[in-house]
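These numbers were taken from a predicted model, which means no experiment stands behind them. Read the numbers this way: they start at 1 and go in the same order the structure lists the ligands and their atoms.
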Amino acid sequence: MKPEVGIVGAGYVGMPLALVFAEAGKNVVLIDVQDDVVDGINRGVSHIGDVPSGALKQLVDDGLLGATKDYDVLKDADAILIALPTPLSSQREPDLTILSAAVGQIAPRLRRGQLVVLESTTYPGTTRECVQPILEGSGLKAGEDFHLAFSPERVDPGRSDWTTRNTPKLVGGLTPACTERAAELYRSAVDTVVPLSSPETAEMTKLLENIFRAVNIALVNELAQLCERMDIDVWEVVEAAETKPFGFMSFKPGPGLGGHCIPIDPFYLTWKAREYDFYTEFIDLAGKVNANMPYFCRSLISQALNHGAQKSLKGSRILVLGVAYKADIDDVRESPAEKIIELLRKAGSDVDYHDPHVAGFDGMRSSAYEPERYDCVVIVTAHSAIDYDDLLERAKIVVDLRNATGRNGSGNGKVWKL
Ligand SMILES: NC(=O)c1ccc[n+]([C@@H]2O[C@H](COP(=O)([O-])OP(=O)(O)OC[C@H]3O[C@@H](n4cnc5c(N)ncnc54)[C@H](O)[C@@H]3O)[C@@H](O)[C@H]2O)c1
């Protein structure tokens, strides 16, 4: 099979992208370094929640989708899309090692007329300053011999109303011709394509979107801490503000940021801004407030045990309910549950977790759902598979960090809410 689209990285971004192109009738090949991921795809078994195995298998059986570890297949592709992780280093600086290494694999296979698009979230300048020179090591010139663009992925895992297909796709090419070539490719599979003037504009727009979330979550998290001191229900405040039909957008407080994007991406910009003698203070302040939330939640759990059961954190049995970073998904990357469990353990608590979507986490297995066996149940992620009225019946004390118990939890003597 000669692939029309090669996608490097078969993860949360690469998989839905592959599906949407294959469903549009393109021949797609995914490249990944993990044997089990490649084997699974070729058997039609999906490892990504948003990609149903049934749909995947149909496309594999139809010969439209396949996977391999061999970069050589990219030689034949018309377009190469890169959806690789862009993490932070231990010093919280951009770590483009995976991206650079993979682009280094693409370069010797690059041929005249191909289109290369970076989809990974990263700082403005990455496509031009990092990807372009490595690709040009091939002897081919970007914008002349091959097209190069940046097009950020906007997928929201677990969401079915806005998908890869119907979420508008931004495209910023190195030259107008690069933009047009990339836009044409995406138009074949995605409902709306928004052409931009440069890769840097597209890179910065993706960061604005994520920073907007980080800052607004921090704002409401700060308010939640003040509301706790003032004995005001922050959830009621947010719900009340939501009744304003204009000029307000609702963000919910929570135990801290999670996932591969919001806790990480803003610091890509912080790092890059320093090159311009610029300090991104909103990002740093939001990071500080959000990073403090697990500590605030620990003190809430401690108060609940003190006042509700005359117990201390030390020696108490605690069930953490939900460890995925958000409801109804199985992704645990950067989940605040990890920090909360660590803090509770350091305080001497005996901690188990239960999560219907996550079988193993942090060296533990998901325990049976027996809330009555614990001194306190802490709702860290509000999966809809849990019956919260039943939880209120069975648990001794509930610390609800997500307002999962809603109005039934408010004023209920055994519930402590964030
Ligand atoms: N997950 C999201 O919701 C989301 C949303 C928007 C943007 N993004 C961004 O998209 C990018 C990819 O994120 P993701 O969540 O899909 O990551 P992921 O970890 O789910 O997937 C990355 C895949 O790349 C593979 N891989 C690693 N090194 C490789 C190599 N050298 N060659 C081939 N494959 C390799 C891994 O095995 C993995 O399967 C990141 O920059 C992320 O910030 C993610």
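- The residues Glu342 and Arg345 are annotated as not salt-bridged, no charged nitrogen and carboxylate oxygen being separated by less than 4.0 angstrom.
- Nearest protein heavy-atom neighbour of atom 33 (C) of ligand 1: Tyr71 OH, 3.4 Å.
- Across Gly11, Gly14, Ser100, heavy-atom proximity to atom 21 (O) of ligand 1 is greatest for Gly11.
- Nearest non-hydrogen protein atom to atom 11 (C) of ligand 1 is Leu84 O, 3.3 Å.
- Regarding atom 17 (O) of ligand 1, its nearest protein heavy-atom neighbour is Arg333 NH1, 3.6 Å.
- Look at Asp76 and Lys2 and you find no salt bridge, because none of the NZ, NE, NH1 or NH2 atoms lies under 4.0 Å from a carboxylate O.
- Around atom CZ of Phe278, no more than 12 heavy atoms belonging to other residues, nucleotides or ligands sit under 6.0 Å away.
- No salt bridge links Arg187 with Glu184; every basic N to acidic carboxylate O contact stays at or beyond 4.0 Å.
- Glu334 and Lys339 are not joined by a salt bridge, as no carboxylate oxygen comes within less than 4.0 angstrom of a charged side-chain nitrogen.
- Near Val155, meaning under 4.0 Å from one of its heavy atoms, ligand 1 places the atoms 3 (O), 5 (C).
- For atom 9 (C) of ligand 1, the nearest protein heavy atom (residue, atom name, distance) is Thr121 OG1, 3.4 Å.
- The closest heavy-atom contact to atom 8 (N) of ligand 1, among the options Val8, Ile106, Val13, comes from Val13.
- Summarising the contacts of atom 41 (O) of ligand 1 with Ile264, Leu118, Leu99, Thr86, the nearest heavy atom is found in Thr86.
- In terms of protein heavy-atom proximity, atom 6 (C) of ligand 1 is closest to Glu153 O, 3.2 Å.
- Salt bridge Asp62/Lys57: absent, no basic N to carboxylate O contact under 4.0 Å.
- For Phe212 and Phe251, the distance between ring centers is under 6.0 angstrom.
- In terms of protein heavy-atom proximity, atom 27 (C) of ligand 1 is nearest to Val33 CG2, 3.8 Å.
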